[in-house]
Q: 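Below: one structure in structure tokens.
Just so it is clear, the model here is predicted, and its values are computed rather than measured. Protein chains get the first letters and strands the later ones, always in sequence-line order, with residue 1 at the start of each.
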2 protein chains.
Amino acid sequence: MAETETARQSNAAAFDSLEVALDRGSPIPLYYQLAQQLESAIEHGALAPGNLLGNEVDIAARLGLSRPTVRQAIQSLVDKGLLVRRRGIGTQVVHSQVRRSLELSSLYDDLAAAGQNPATRVLRNEIESASPEVAAALGIPEGRDVIVLERLRSTYGEPVAHLCNYLPASLLDLDTERLEETGLYRMMRAAGITLHSAHQTVGARCATADEGILLDEPEGAALLTMCRTAYDDTGRAVEYGTHVYRAARYTFDFQLLVRP
Amino acid sequence: MAETETARQSNAAAFDSLEVALDRGSPIPLYYQLAQQLESAIEHGALAPGNLLGNEVDIAARLGLSRPTVRQAIQSLVDKGLLVRRRGIGTQVVHSQVRRSLELSSLYDDLAAAGQNPATRVLRNEIESASPEVAAALGIPEGRDVIVLERLRSTYGEPVAHLCNYLPASLLDLDTERLEETGLYRMMRAAGITLHSAHQTVGARCATADEGILLDEPEGAALLTMCRTAYDDTGRAVEYGTHVYRAARYTFDFQLLVRP
DNA sequence: CAGTGGTCTAGACCACCGT
DNA sequence: CGGTGGTCTAGACCACTGC
């Protein structure tokens with residue numbers, strides 16, 4: 001009995017002793033401030049896996065917030081997979097392993113994944129008429145001008161991937177120099193293009209002779225391929241790309257959350 | 001001016017003429033009923049891409065709901081990528097292409113993707129001591145009993161993938177016959193295990209001689225590999241698997257949503 | 001300026017869980 | 001049974017957009 005008491009106390013204390021500082025003058029929404037502080041508490045271990053959070057009504061009262069606001073904060077962490085709610089039980093911090101790279105595989109993966117020492121060489125940056133394949137992927141008329149971008153990405157001086165991308169020429173100007181320093185998506189974002197969604201297909205095949213030379217692999221080596229179309233806020237296709245990765249130096253790594 | 005009027009009308013009419021039937025007696029939440037009917041209206045084309053939804057206050061009034069309830073319904077569709085909200089503008093249906101297989105790549109992919117005519121042959125279904133690799137992946141002590149499952153999945157009589165899975169032996173019993181008829185995840189779900197998240201790594205490599213025989217590919221052919229650990233509600237690892245796919249017959253296909 | 005979504009409040013009742 | 005999250009209401013003010 002005493003043990004149960006202690007256990008429960010340690011659970012409750014975990015959150016009770018947590019100091020949450022809300023700034024009502026800040027333009028940052030209250031629910032977001034709370035969510036951020038909870039998240040960092042979980043990351044720093046102040047809230048340990050399995051800990052109960054205490055009921056929402058109490059939290060709201062303690063912080064001087066309404067219950068819906070507290071719920072909104074908690075819900076955002078549930079959506080991220082950090083918390084689990086159970087009816088009649090309470091809200092718990094999810095156990096250990098799950099929360100490493102919890103972000104869903106993002107469009108910036110290429111950059112982040114190679115983020116140790118990435119370098120890009122632009123092999124080609126021209127305007128061309130859209131081929132049938134490209135026109136279909138981008139949903140534009142055949143023959144329309146598109147930017148054709150061909151890049152070789154390396155880390156530590158060793159080639160990792162060959163990237164070939166197509167963008168409607170009307171969208172933006174691509175400066176080759178800046179492209180070698182930053183990623184394509186960063187430049188698109190800077191140009192006011194807000195990405196909304198993308199469709200990807202990942203497969204494998206053997207290297208052709210040319211690819212072998214470019215990527216420093218023997219002909220017939222296994223390569224990882226990725227084909228992607230990215231869409232705008234409004235649903236317009238804004239980018240189509242076919243990427244080829246050296247299997248020995250690259251893998252796709254991602255986290256899946258099961259929708260309840 | 002008249003044209004503007006017509007355009008606005010056609011946008012507004014799209015939703016206004018939509019019949020939404022809410023059943024307050026149903027155990028299904030009102031926001032969920034509304035979300036479902038909006039979603040099917042979008043799928044059936046009753047709500048066309050780019051259509052404005054009309055403001056939330058009006059919708060709430062027309063349906064006899066409160067605004068937060070309507071917001072909850074709309075928000076769930078925004079999260080799915082079907083709708084886009086813009087401050088000061090309104091809520092729009094996302095343009096065309098984006099909404100085909102909008103569900104995020106799920107754990108049931110193997111089954112669904114091969115869902116045309118899938119067959120499974122169980123090559124092995126035994127209990128074994130966990131190897132260091134398996135123990136580390138599942139977060140259990142080395143030597144603990146685990147179920148080792150080896151399966152060959154085919155479609156139309158042709159092999160597609162070789163699946164090797166490990167599960168803590170304490171979790172459930174796996175009947176070989178049922179495994180040949182249904183998927184592993186379905187059986188786990190039926191046993192009361194609720195999946196929460198998973199971590200996957202996708203790569204490529206060349207086939208070994210043994211794999212070539214099993215999968216009916218020449219030695220050295222490109223294969224797609226996938227390595228996955230799946231976690232419980234509580235964060236316990238409940239499954240670890242290494243899968244090998246014939247590159248010519250399988251690709252990973254998924255949709256990404258960019259978090260705002 | 002008027003209209004939109006974004007945020008927030010202070011209540012309420014219900015369904016589910018453990019005891 | 002009491003406690004929990006799940007849902008719902010009827011307001012309110014603000015920030016941003018377009019005119």
Side-chain angles (χ1 to χ4, degrees), chain A residues 1 4-5 7-8 11-12 15 22-36 51-79 83-94 192 194 233-234 260, chain B residues 1 3-5 7-8 11-12 15 22-36 38 51-79 83-94 192 194 233-234 260:
Chain A
M1 173 88 81
T4 321
E5 202 74 328
R8 199 188 308 149
N11 275 341
F15 178 78
L22 297 176
D23 175 6
R24 294 191 102 92
S26 161
I28 300 171
L30 292 171
Y31 80 89
Y32 194 81
Q33 294 183 36
L34 176 54
Q36 274 190 325
N51 277 172
L52 283 172
L53 220 58
N55 75 58
E56 300 171 349
V57 183
D58 286 351
I59 295 177
R62 204 156 69 72
L63 301 180
L65 295 173
S66 70
R67 188 183 165 205
T69 302
V70 172
R71 266 186 78 78
Q72 195 175 0
I74 292 178
Q75 186 59 46
S76 71
L77 297 185
V78 171
D79 289 341
L83 297 177
V84 185
R85 291 207 239 235
R86 298 168 192 276
R87 250 190 219 210
I89 309 283
T91 303
Q92 282 181 306
V93 179
V94 166
T194 58
D233 254 327
T234 67
Chain B
M1 176 87 84
E3 199 175 51
T4 321
E5 202 74 329
R8 198 187 309 147
N11 276 341
F15 178 79
L22 298 175
D23 177 6
R24 293 192 104 93
S26 160
I28 300 172
L30 292 171
Y31 81 88
Y32 194 81
Q33 294 184 37
L34 176 54
Q36 275 190 324
L38 284 176
N51 277 173
L52 283 171
L53 221 59
N55 75 58
E56 300 171 348
V57 183
D58 286 352
I59 296 178
R62 204 156 69 71
L63 301 180
L65 295 173
S66 69
R67 188 183 163 203
T69 303
V70 172
R71 268 187 77 78
Q72 195 175 359
I74 292 178
Q75 185 59 46
S76 71
L77 297 186
V78 171
D79 289 341
L83 298 178
V84 185
R85 290 206 238 235
R86 298 168 191 274
R87 249 193 223 210
I89 309 282
T91 303
Q92 283 181 306
V93 179
V94 167
T194 58
D233 254 324
T234 66

Q: Grab the CD-C1' distance between A/Gln92 and D/dG3 for me, whole Å please.
A: 15 Å
Q: Locate the shortest heavy-atom distance separating A/Asp23 from A/Leu30; write the atom from each residue and the value.
A: O-CD2, 4.3 Å
Q: Summarise how protein sits on nucleotides 1-11 of chain C as a single string, 5' to 3': B when a protein heavy atom is under 4.0 Å from the base, S for sugar-phosphate-only contact, - for no contact.
A: --BBBBBSBB-
Q: Could you give the distance from CG (B/Asp58) to CG (B/Leu53), rounded to the nearest 0.5 Å?
A: 11.0 Å
Q: What are the two closest heavy atoms between A/Ile74 and A/Glu56, and how far apart are they?
A: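 Minimum heavy-atom contact is CD1-CG, 4.1 Å.
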Q: Where do B/Arg85 and B/Gln92 land on the side-chain hydrogen bond (donor to acceptor under 3.5 Å, both in side chains) test, with the steps shown first?
A: CA-CA 6 Å; B/Arg85 290 206 238 235; B/Gln92 283 181 306; over 6 Å; no
Q: Note down the inter-axis angle between the two ends of the helix from C/dC1-D/dG18 to C/dG18-D/dC1, five pairs each, to the nearest 10°.
A: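 Overall, the helix from C/dC1-D/dG18 to C/dG18-D/dC1 bends by 10° from one end axis to the other.
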Q: About how many Å separate CD1 of B/Ile89 and CZ of B/Arg87, when rounded to the nearest 0.5 Å?
A: 12.0 Å
Q: Give the intermediate values and the outcome of side chain to side chain contact (heavy atoms under 4.5 Å, CB included) for residues B/Leu34 and B/Leu63.
A: CA-CA 10 Å; B/Leu34 176 54; B/Leu63 301 180; 3.9 Å; yes
Q: Mind checking whether A/Gln75 and A/Val78 have side chains closer than 4.5 Å, heavy atoms only?
A: yes
Q: Rounded to the nearest 0.5 Å, what separates atom CD in A/Gln33 from atom CG in A/Leu65?
A: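 Going from the CD atom of A/Gln33 to the CG atom of A/Leu65 covers 9.0 Å.
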